[in-house]
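Accompanying notes for the structure given below.
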Amino acid sequence: MENREFARILAETADLMEIAGEDGFRIRSYRNGASTIEGYTESIGDILADPARKVTDVPGIGKGLAAVLQEIALRGSFDKRDELLTKFPPAALDFLKIQGLGPKGIALIFEHFRITTLDELEQLCRDQKLRDLPRMGAKLEEKVLRSIAHLKERSGRFLLSFADNVAQELKESLAGLAGIEAITVAGSLRRGRETIGDLDLLVTGPNAEAALDKVGANPRVHEVLGRGPTKTSVKWGREGLQVDVRAVDHASFGAAMQYFTGSKEHNVALRQRAIRMGFKLNEYGLFHGDGETRAAGETEEGIYQALGLDWIPPELRENQGEIELAEAHALPKLVEQRQVRGDLHMHTTATDGRASLEEMAEAARALGYEYIAITDHSKALAMTFGLDEKRVVEFARTVRKVNETGDLGIHIFSGVECDILQDGEMDIAWDALAELDLVIGSVHGHMNQEPAVMTDRLLRAIECPHLTALGHPTGRLLLHREAFAFDFDKVITEAVAQGVWLEINSSPERLDLSATHVRAAKAKGAKFIVSTDAHHPKHLLNMQYGILTARRGGLEAEDIVNTYTRECFAQQRRGVKS
DNA sequence: GCCGTTTTCGGCCCGACTGTTTTCAGTCG
């Protein structure tokens, strides 16, 4: 069993324990155990199976959780969880995702109404029954209804990282199969969309059809939706991501890639162009007017070339002007991940990160970076033990010393992710911020302000001369929380004028700014940092998602300051006199 | 339930807001 499955079961149990009103500290231990296991590099299953090893050596795992893990490994669940699941319906876990309802409220609802589904909860709100319960009123009913609507609306989409992981897992499972030449990702995952509806895989090789059977037989497959000679569709895992796998002829591979990568809008435009030029374009190839002779099809490049176009990177295929640019040989030279020289947003155990400065530096060095910035939270985020002025100044001093010794083999910029307070004031006094190399200003609370208030708040933050960049500027959480509303144009214009950079936060839950915002901001002359907001060394790998987003936004290396050399980067920072 | 010790018990990050109340519990981050 995979670590994330152990983690999921523990976290889910913690949720149920909350509804059951159990001891908060015990619940925290379950959560803590879950998050440690999820981020643990070694397989918990292997440790459990090895009599020479003790799972209690894993921090946060004591005797109690060790027994629980052993039982999960044995039978996929454990007594306490089973007992809780008889008390509450499985939908109880969904209820926790509703904004405005917490464990206490949910317990109260279960106590008074025999409901088991979101639909029934929705009906209760419509019937204005919730207000019969203590401390619940009309506003809560409205809020719950809105939240349920949002939950339903987003259902069926998945985080980019989730789909990416499924794709990797499938590719690995097929890797050993004889007669398979290539397994390639197409669809919105290849285009790097921020959320994914379903996963498209193409398989080539003389034995490609055998891959379809192999996928259907994968133990993670929940349901086989269909199986024909060239295609199989399955629902993957309990999450139910639809995966379509197609066996494709060598001669059609490029055409299939083009066709199944999309987008729909891009493909429609491309097919119209083909018709105008006397061709017919489909998933099997680009054909001359007779419909028989193939003009192209083996490679994507061949198809675009035959249509008089430069090859268009998948990230740009949205029919937003890319075809015209390709015709004029004027496509942007999109940034590539190998051009990234440093990661500028990460946390350590000083606040809510899970690794030390040294461990983060080592992980970054292993990725080949020249520099990083450590940007722990500020004191407004008390729950993370955020830095106050004194600790900020100490930290800056420590970093200067570390850099002098050069022991870490990578340059560290001292930074902070400083909260932008309710009124736009920075959470850390300016003289302390001045000690640092880099200040990322982020909004973490009071996100429901009126748009005009939020706009003023961000403008005020930009006035702080020590602010280097705006972190996750819109505050959205994909599939979970909308971006907060503000006058984007006004804020970006001011940021550009003041030399404040904009973050593309690579965390797959954020991808903030979005590609659309990136495009708009670039048009105004903005500069960007693409950073991971890593709370664990493995999160540094999320850079790929930020880079995809940057590419979708049409960015070139020059637009992104953390592709610059260390010296160049240091000089470009706001407030540095040249 | 974990952890560390002052070593087998007591502490475990907490402040602010919201909508409900009529002084505050529940939710959120």
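Computed over heavy atoms, backbone and side chain alike; hydrogens, waters and symmetry mates excluded. Lettering follows sequence order; numbering is per chain, from 1. Please read these numbers as outputs of a predicted model, since none were measured by experiment.
- In a base pair of the Watson-Crick type (N1 to N3 plus N6-O4 or O6-N4) or a G-U wobble (N1-O2 and O6-N3), with each distance short of 3.5 Å, B:dT8 is matched with no nucleotide.
- Applying the 6.0 Å contact sphere to CZ of A:F110 captures more than 12 heavy atoms from other residues, nucleotides or ligands.
- Within a 6.0 Å radius of NZ in A:K80, other residues, nucleotides and ligands contribute more than 12 heavy atoms.
- Atom CZ of A:R75 has more than 12 heavy atoms from other residues, nucleotides or ligands within 6.0 Å.
- Regarding A:D132, its CG atom lies at a distance of 13 Å from the P atom of B:dT20, rounded to whole Å.
- The cationic group of A:R510 does not satisfy the cation-pi geometry with A:Y545, failing either the under 6.0 Å distance to the six-membered ring centre or the 45° limit from the ring axis.
- Separating the C1' atom of B:dT23 from that of B:dG19 is a span of 13 Å, rounded to the nearest Å.
- For A:H444, the ring pair (Phe, Tyr, Trp, His ring centres under 6.0 Å) partners are A:H377, A:H472, not counting sequence neighbours.
- Out of B:dC2, B:dC17, B:dT20, the shortest distance to the side chain of A:S29 is found at B:dC2.
- Across the C1' atoms, B:dG15 and B:dT8 are found 34 Å apart, a figure rounded to whole Å.
- With C1' as the reference atom, B:dT27 and B:dT20 are 13 Å apart, rounded to whole Å.
- Between A:E425 and A:R460, at least one side-chain nitrogen of the basic residue sits less than 4.0 Å from a carboxylate oxygen of the acidic one, meeting the salt-bridge criterion.
- Under a 3.5 Å cut-off, the side chain of A:H517 and the backbone N or O of A:L513 do not form any donor-acceptor pair.
- Non-hydrogen atoms lying under 4.0 Å from DNA chain B are contributed by A:D23, A:F25, A:R26, all within residues 2-26 of chain A.
- The ring of A:Y369 has its center no closer than 6.0 angstrom to the ring center of A:Y371.
- In this structure, CG of A:L65 is placed 6 Å from C1' of B:dG1, rounded to the nearest angstrom.
- The C1' atoms of B:dT5 and B:dG10 are separated by 10 Å, rounded to the nearest whole Å.
- Side-chain contact check for A:T549 versus A:S514: every heavy-atom pair is 4.5 Å or farther apart.
- For A:F95 and A:F88, the distance between ring centers is not under 6.0 angstrom.
- A:F162 and A:F158 have parallel rings, their planes meeting at less than 30° on a 0 to 90° scale where 60° marks the start of perpendicular.
- Following rounding to the nearest Å, A:F385 (CZ) and B:dC14 (P) show an atom-to-atom distance of 11 Å.
- Contacts between residues 121-131 of chain A and DNA chain B, defined by a heavy-atom separation under 4.0 Å, are absent.
- Checked against A:E194 for a side chain to side chain contact (heavy atoms under 4.5 Å, CB included), the options A:L160, A:L478, A:T516, A:L159 give a single hit: A:L478.
- For the contact set between residues 68-87 of chain A and DNA chain B, defined by any heavy atom under 4.0 Å, there are no members.
- What separates CG of A:D419 from C1' of B:dG15 is a distance of 12 Å, to the nearest Å.
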Sequence-aligned protein contact record of nucleotides 3-8 of chain B, with B where the base is within under 4.0 Å of a protein heavy atom and S where only the sugar-phosphate is: S-----

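- Nucleotide B:dG19 holds its P atom 18 Å from the CG atom of A:L133, rounded to whole Å.
- Salt-bridge formation is detected for the pair A:D94/A:K97: a Lys NZ or Arg NE/NH1/NH2 atom is positioned less than 4.0 Å from an Asp or Glu carboxylate oxygen.
- Spacing between B:dG29 and B:dT22 at atom P, rounded to whole Å, works out to 28 Å.
- Minimum heavy-atom separation, A:C418 to A:I428: SG-N, 3.6 Å.
- Once rounded to the nearest 0.5 Å, the distance linking CD of A:Q123 with CG of A:L145 reads 9.5 Å.
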Nucleic acid footprint by protein, nucleotides 24-29 of chain B - heavy-atom cut-off 4.0 Å, B for base, S for sugar-phosphate alone: BBSSSB

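- The neighbour count for A:D23 CG, taken as heavy atoms of other residues, nucleotides or ligands under 6.0 Å away, is above 12.
- Checking A:Q422 against A:E141, the closest nucleotide of DNA chain B that is more toward the 5' end is the one next to A:Q422.
- Toward the 5′ end of DNA chain B lies the nearest nucleotide of A:Y30, the other residue of the pair A:G137 and A:Y30 mapping further downstream.
- The separation of B:dT6 from B:dG11, taken at their P atoms, amounts to 15 Å, rounded to a whole angstrom.
- With rounding to whole Å, A:L421 atom CG is found 11 Å from B:dC17 atom P.
- From A:D50, atom CG reaches atom CD of A:E42 across 9.5 Å, with rounding to the nearest 0.5 Å.
- Summarising the geometry, the separation between CG on A:D388 and P on B:dG15 is reported as 14 Å, rounded to the nearest angstrom.
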